[in-house]
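Comments concern the structure below.
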Amino acid sequence: MSSSIDYEDTIKIDHLYSISELVSQSTDWKPALEHLSRFLRTIFIYDNMVIYSVDQATQATDVFYARAIGRGRRAEADLAWGENIAYRITEKPQIINEEPDTTPELDRLQRPYFLGLPVNSSRYLGAMVFIRFGGPSYTQKDIQLATFVSHQIAILLDRIRINQEKEEIETRHQQMKLQENFISTISHELRSPLGFIKGYTTTLLRSDTTWDQSIQQEFLEIIDQETDKLLELITNLLDSARLQSGQLRIVFSFVRVEPLLTDLIARAEIQYPGLVIQAKMASKHISIMADATRLTQVLDNLVSNAVKYAPGSKLLISVKEENDGIVISFQDHGPGIAPEHLPYLFDRFYRVIDPSKSPHGTGLGLYICKQIIDEHQGKITVESTVGKGTIFHIYLPFQPKNTSVHGLIPEVKS
Ligand code: ADP
């Protein structure tokens with residue numbers, strides 16, 4: 001009997017170090033488990049490695065991660081075998097080392113050697129199962145190493161869960177901040193037109209004064225404009241609430257793009273005297289399947305934003321065909337938007353500017369635009385350079401998938 005340590009039979013410290021280093025440096029579970037399973041393969045024999053998670057309420061097992069090295073196996077069959085071991089482990093936390101029937105005539109693939117271990121942490125309940133087809137048996141050293149790995153995986157999963165929770169809290173915090181801003185914005189947005197309407201109406205109704213025709217006209221125009229603002233605000237709030245509850249109905253029909261844009265421009269030129277719009281269309285005969293009313297709402301919103309946030313700038317509207325659809329672009333030469341705001345621009349209630357100094361708005365417009373474009377299976381994106389201007393691009397497929405058509409068949413392209 002030798003008194004010296006047999007290094008072949010002990011786990012090398014640098015292997016343990018490599019495993020724990022790999023786990024401690026990972027922030028994402030998938031690449032971490034990929035690295036780990038690849039590294040493990042260099043020091044531990046296995047054909048399949050499967051991690052099962054267990055639903056604590058129903059005890060149902062689900063495959064969280066699987067890596068198969070062996071060839072010629074049917075992945076589903078391997079997963080099903082391991083499932084039984086995982087189930088037993090979660091019923092009673094234990095290490096299961098199970099050897100197959102060793103009848104010599106059985107094919108290697110019919111002789112799976114299982115090693116199952118619990119992967120239990122404070123927040124996670126699961127099991128890890130290794131399979132070796134045709135052996136060899138798991139040694140004491142293998143079991144120790146696998147136990148170490150299962151503990152490390154539990155730590156990894158815990159850490160990732162904590163990070164996810166941290167991110168969720170941060171997102172919730174950000175949403176609460178937006179909600180608070182929204183409440184102050186909305187009260188301002190509701191009060192200010194109501195204040196004008198009330199003030200000018202009271203003035204007009206004063207019995208001790210008579211107003212000449214032009215003054216009356218001027219006051220009534222202000223009341224009219226402020227009523228429009230209120231109407232727009234209330235429509236946006238209702239649309240946003242409908243979108244949140246999934247109740248905004250999109251009714252598809254074939255829409256000819258050129259008349260839609262011609263109407264949009266004619267309306268905008270009346271509504272915003274002084275606004276110069278330049279339009280460029282690749283073809284006059286493009287039709288898409290869309291909800292004309294909702295699409296018009298999106299386009300109106302982009303025009304009104306250009307007027308509000310890029311005052312005095314010319315607005316260029318172009319349409320081109322691309323990837324089985326069209327891209328409508330709105331470009332202004334206004335002050336632009338700083339890059340740090342761009343990722344949030346389509347978020348509900350997001351506004352770039354100081355609400356107390358900014359033109360009226362609620363941060364709902366672009367959110368609603370994005371939701372409507374999403375419903376069309378399209379995409380809305382923004383490019384902006386401070387001091388140069390902003391471009392919004394809307395991609396819309398000619399025909400969104402699985403949509404039913406209400407309305408007319410499009411005119412044949414000439
Ligand atoms: P609202 O106009 O009600 O604030 P939107 O969702 O329509 O809300 O727009 C969000 C923000 O995006 C606006 O507050 C504005 O700061 C910015 N924005 C939108 N369009 C433009 C544009 N063309 N140029 C510069 N900034 C813009």
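Both counts, for ligands and for their atoms, begin at 1 and track the order of listing.
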Atom-level proximity to ligand 1, residues with heavy atom under 4.0 Å: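 Ligand 1 is contacted, at a heavy-atom distance under 4.0 Å, by N301, N305, K308, Y309, D332, I337, L345, Y350, R351, V352, I353, G361, T362, G363, L364, G365, L366, T390, F392.
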Salt bridge flag under 4.0 Å for residues [X] and [Y]:
X	Y	result
R88	E91	no
K370	D374	yes
R67	E34	yes

Side-chain H-bond candidate by donor/acceptor type, T390 with Y309, under 3.5 Å: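 Judged by distance alone, the side chains do not pair up.
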Residues Q297 and D239: side-chain donor-acceptor under 3.5 angstrom: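 Present: a donor and an acceptor within the cut-off.
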Ring center gap for F130 and F44 short of 6.0 angstrom: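 Centroid distance F130-F44: below 6.0 Å, so yes.
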